[in-house]
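Working notes for the structure below.
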Number of protein chains: 2
Amino acid sequence: MNIGDVAQRSGLPAKTIRYYEEIGLIRPQRGENGYRRFREQDLHKLAFLGRARALGFTIEDCRTLIALYEDESRESGQVKRVAEEHLHQIDDKIAQLQSMRTTLGHLIHACAGDHRPDCPILEDLAKDVPEEAASASEGVR
Amino acid sequence: MNIGDVAQRSGLPAKTIRYYEEIGLIRPQRGENGYRRFREQDLHKLAFLGRARALGFTIEDCRTLIALYEDESRESGQVKRVAEEHLHQIDDKIAQLQSMRTTLGHLIHACAGDHRPDCPILEDLAKDVPEEAASASEGVR
DNA sequence: TGTGGGGCCTCCAGTCACTGGAAGGTCAAG
DNA sequence: CTTGACCTTCCAGTGACTGGAGGCCCCACA
């Protein structure tokens, strides 16, 4: 199989597959013409990667998960730990986004959205800076 | 005010403030020693930026919002449109994350997480590739 | 046998919004 | 005069790709 075939069958762009080789996630063989030659096991691994990425696992997580997958003596607790860690990060992100969503929703609701210049959204963004410089108010990054 | 002062009062890291100058969001003056000199209006703008960023607006959105803020003849509808567009993107992201969350939650629930190697998480990730692209004879899912 | 159009290759640059660090100038206190 | 905090610029790196240039390879068709 050439890269175009695996791209189609795995659903991953050829560019991404080359990138995965570059960072050592896969090691396809090479033909005499220099073309990558993929075997079924490569395709399998790419599909694994595609699904893990679709669940939001980082590339490093994927590396770990593949290593565990190939390790006969793994303990499912190891896998579960990685997944739970990731779940927590997803939850954090959702919470952060929902907080933004709430605030933004209120502001949008309060804004007439007409031809006049008065706008609660801008007014909120331009609120005065609290004068207590010393006390720390930690923002989002 | 030097950069350290505005950093503290705006809650933004000095690095970020320098970056904002580099991309033209702010234009602080300079002292004879080469230090940036910030006025109250610069601080105000940085606070505006900090809040907009905390709501998840992109830098380009921020540029637009500041321009609207400074434009006396703006229409609040313009602001509202930007905010609504952004809200949609937040909603999309939340939906995507919640979908991941659901799947991942199921998998984690199904995984014993003990010393044995059997793991539904890995099994799911390693599911067979659907034969859709190559053969096109099988039924779809 | 030539030609045209894919497909494949590598390498480089860009994305987004910072962040870290090196190397060095400036300032106020002791 | 030294120390140390603060400031400067410049360069590189982050994550996970993505786009594009320039060039080789392969096959079908005339």
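Just so it is clear: chains get the letters A, B, ... in the order the sequence lines come, proteins before strands, and each one is counted from 1. Quick note: numbers below take in every heavy atom, side chains included, and nothing from hydrogens, waters or symmetry partners.
The nearest whole Å value for the distance from the CE atom in M1(A) to the P atom in dG7(C) is 17 Å. In this structure, CD of E60(B) is placed 11 Å from P of dT15(C), rounded to the nearest angstrom. Note: CD (E21(A)) to P (dC17(D)) measures 15 Å, nearest angstrom. For the pair F57(A) CZ and dC17(D) P, the interatomic distance rounds to 15 Å; values are reported in whole Å. Between the P atom of dT8(D) and the CD1 atom of I17(B) lies a distance of 10 Å, rounded to the nearest Å. Residue N2(B) contributes atom CG, which lies 10 Å from atom P of dC27(C) at whole-angstrom precision. What separates CD1 of I23(A) from C1' of dC17(D) is a distance of 9 Å, to the nearest Å. Distance CD1 (I26(B)) to P (dC18(C)): 12 Å, rounded to an integer number of Å.
Contacts of R18(B) with the nucleic acid, taken as non-hydrogen atoms under 4.0 Å apart, include base atoms. Here R37(A) lies out of heavy-atom contact (under 4.0 Å) with every strand. Residue-level contact check: Y20(B) touches the backbone only, with heavy atoms under 4.0 Å from sugar-phosphate atoms and none from bases.
Toward the 5' end of DNA chain C, the nearer of the two residues E32(B) and T58(B), judged by each one's closest nucleotide, is T58(B).
Contact annotation: R36(B) side-chain N/O to dT9(D) OP1/OP2 distance is under 4.0 Å. The side chain of N33(B) contributes an N or O atom lying less than 4.0 Å from OP1 or OP2 of dC27(C).
With distances taken from any side-chain atom of R30(A) to the nucleotides dG20(D), dC9(C), dC10(D), the minimum falls on dC9(C). Across dC9(C), dC17(D), dG19(D), the shortest atom-to-atom separation from the side chain of R53(A) is found for dC17(D). Among the nucleotides dG20(C), dC18(C), dT8(D), the one closest to any side-chain atom of I59(B) is dC18(C). Distance from the side chain of K15(B) is smallest for dT19(C) among the nucleotides dC25(D), dT19(C), dT18(D). Side chain of Y35(A), nearest nucleotide from dT9(D), dC25(D), dT18(D): dC25(D).
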Worksheet item: Would R39(A) and D42(A) satisfy salt bridge (Lys or Arg N to Asp or Glu O under 4.0 Å), going step by step from the backbone distance to the final call?
Response: CA-CA 5 Å; R39(A) 291 158 299 172; D42(A) 295 316; 3.6 Å; yes
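Using a cut-off of 4.0 Å between Lys/Arg side-chain N and Asp/Glu carboxylate O, R9(A) and E40(A) are scored as salt-bridged. Under 4.0 Å is where a charged nitrogen must lie from a carboxylate oxygen, and between D114(B) and R116(B) at least one such pair does. Looking at E84(B) and R81(B), no side-chain N of the basic residue comes within less than 4.0 Å of a carboxylate O on the acidic one, giving no salt bridge.
Of the candidates K15(A), R36(A), R27(A), E21(A) forms a salt bridge (charged side-chain N to carboxylate O under 4.0 Å, His left out) with just one, namely R36(A).
A donor-acceptor contact under 3.5 Å is not formed by the side chain of Y19(A) with the base of dG15(D).
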